Protein chains: 2
Amino acid sequence: MDVPVSVDASAGCRWVSEILNQVGDKWTIQVVVALRDRPRRFNDIKRHVAGISQQMLTRTLKALERDGMVARTVRSSTPPQVEYALTELGLSLSGTVRQLAEWAVAHRTIIRENRQRYDTSRT
Amino acid sequence: MDVPVSVDASAGCRWVSEILNQVGDKWTIQVVVALRDRPRRFNDIKRHVAGISQQMLTRTLKALERDGMVARTVRSSTPPQVEYALTELGLSLSGTVRQLAEWAVAHRTIIRENRQRYDTSRT
DNA sequence: CGGGATCCAGTAGGATACTG
DNA sequence: CAGTATCCTACTGGATCCCG
């Protein structure tokens with residue numbers, strides 16, 4: 001893989017924005033995190049994420065499947081079982097996201113303080 | 001700072017989503033990238049980002065300033081000069097984002113292929 | 001030059017209700 | 001159980017005019 005490492009706006013920025021736009025939507029990460037340990041079925045994910053509607057879960061899973069982040073396996077039986085699992089691509093993303101997650105957790109206090117200071121300073 | 005490093009859904013996920021929601025919006029990253037090399041003034045950033053409206057640039061900069069990612073310096077003169085610079089917090093974020101950027105660039109081809117395959121497979 | 005205020009279109013996302 | 005279809009609301013983002 002001989003990929004240019006530098007991200008100099010022209011080529012990379014649009015893509016980074018696009019990726020982050022998906023990853024940064026309201027649910028994608030939480031779904032990915034829910035799948036990181038093991039494959040899960042639809043309502044299993046729904047229970048794990050908590051707060052997501054079946055509508056949004058469907059959309060999120062479809063987007064992830066489209067990108068090849070998640071593999072969908074249908075087992076025809078009664079009741080039907082559909083299992084979702086992270087692919088290697090999805091797993092590698094989750095690893096990268098984890099770093100951002102740790103950054104977010106590590107700096108949440110400072111950010112919270114900054115916001116409060118900013119908000120109160122302009123009453 | 002005794003912050004738990006693990007991100008096990010309950011505490012971290014909401015924050016990660018919130019951070020990524022801002023970082024992943026349409027312009028934040030590009031603005032941060034524009035400021036990574038050196039401080040810039042409003043229209044300088046606007047020229048550098050290309051495509052952004054002054055409205056969205058204002059909002060983006062305000063959000064970044066609120067979080068303490070960007071410092072705003074006003075130099076009262078004619079014409080007035082306002083300079084924006086990344087703080088250390090903003091710089092550290094840009095470092096973390098850079099990794100995600102590299103991931104995005106490195107996997108863009110695969111993702112593009114996955115999407116095409118998915119889209120054509122369900123014509 | 002560096003914005004603020006306003007108006008407006010498009011989309012993300014929530015709440016059901018219905019289906020195989 | 002695992003979705004699809006529909007409707008509705010809120011926010012995002014663009015354009016434009018105005019102001020210090």
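Chain letters run A, B, ... following the sequence lines, proteins first, then strands; residues in each count from 1. All figures in this text were calculated on a predicted structure; none of them were measured in a lab.
Proximity note for A:Arg59 (side chain, C-beta onward) versus D:dC1, C:dG13, C:dC1: the nearest is C:dG13. Closest approach to the B:Arg72 side chain among C:dT16, C:dA5, C:dG2 is made by C:dG2 (side chain taken as heavy atoms from C-beta onward). In this structure, the nucleotide among D:dT4, C:dG13, D:dA2 sitting nearest to the side chain of A:Trp27 is C:dG13. If you check C:dG3, D:dG14, C:dG13 against the side chain of A:Asp25, the one that comes closest is C:dG13. Nearest to the side-chain atoms of B:Ser53 among the listed nucleotides D:dG14, D:dC17, D:dC1 stands D:dG14. Looking at the side chain of A:Val82, the nearest of the listed nucleotides D:dA2, D:dT6, C:dG2 is D:dA2.
Rounded to an integer number of Å, the gap from B:Arg40 CZ to C:dG2 C1' is 17 Å. As a whole-Å value, the separation of A:Asn21 CG from D:dT12 P is 12 Å. Atom CG in A:Asn43 sits about 9 Å away from atom P in D:dG3, given to the nearest Å. Atom-to-atom, CD of B:Gln81 to C1' of C:dG2 comes out at 11 Å; the value is rounded to the nearest Å. In this entry the distance linking CD of B:Gln55 with P of C:dC7 reads 13 Å, nearest Å. Atoms NZ (A:Lys46) and C1' (D:dG3) sit 12 Å apart, rounded to a whole Å. C:dC1 atom C1' lies 10 Å from atom CZ of B:Arg47, rounded to whole Å. Per the geometry, CG belonging to B:Leu57 stands 10 Å off P belonging to C:dG2, to the nearest Å.
OP1 or OP2 of D:dG14 lies within a sub-4.0 Å distance of a side-chain N or O belonging to B:Lys26. Here A:Lys62 reaches the OP1 or OP2 of D:dT4: one of its side-chain N or O atoms lies under 4.0 Å away. One finds a side-chain N or O of B:Tyr84 lying less than 4.0 angstrom from the OP1 or OP2 phosphate oxygen of C:dG3. OP1 or OP2 of C:dG2 lies within a sub-4.0 Å distance of a side-chain N or O belonging to B:Arg41.
Note on A:Thr58: a base of the nucleic acid sits closer than 4.0 angstrom, heavy atoms only.
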Task: Test log, rule side-chain contact (heavy atoms from CB on, under 4.5 Å), inputs B:Leu61 and B:Phe42 - done: CA-CA 9 Å; B:Leu61 286 171; B:Phe42 190 87; 4.0 Å; yes
- [ ] Decide yes or no on salt bridge (charged side-chain N to carboxylate O under 4.0 Å, His left out) for B:Arg40 and B:Glu83, but give the supporting numbers first.
- [x] CA-CA 6 Å; B:Arg40 289 179 189 275; B:Glu83 199 175 74; over 6 Å; no
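Of the possible polar contacts, one joining the B:Thr28 side chain to the B:Gln22 backbone as a donor-acceptor pair under 3.5 Å is found.
Comparing A:Gly24 and B:Glu83 by the nucleotide of DNA chain C whose heavy atom lies nearest to each, the residue mapping closer to the 5' end is B:Glu83. Checking A:Gln54 against A:Pro80, the closest nucleotide of DNA chain C that is more toward the 5' end is the one next to A:Gln54.
Here the side chains of A:Val70 and A:Val32 are not in contact, with every heavy-atom distance at 4.5 Å or above.
Classification of B:Glu102 and B:Arg98 as a salt-bridged pair holds, one side-chain N sitting under 4.0 Å from a carboxylate O.
None of A:His107, A:Arg115, A:Arg112 except one satisfies the side chain to side chain donor-acceptor pair (under 3.5 Å) rule with B:Asp67; the exception is A:Arg115.
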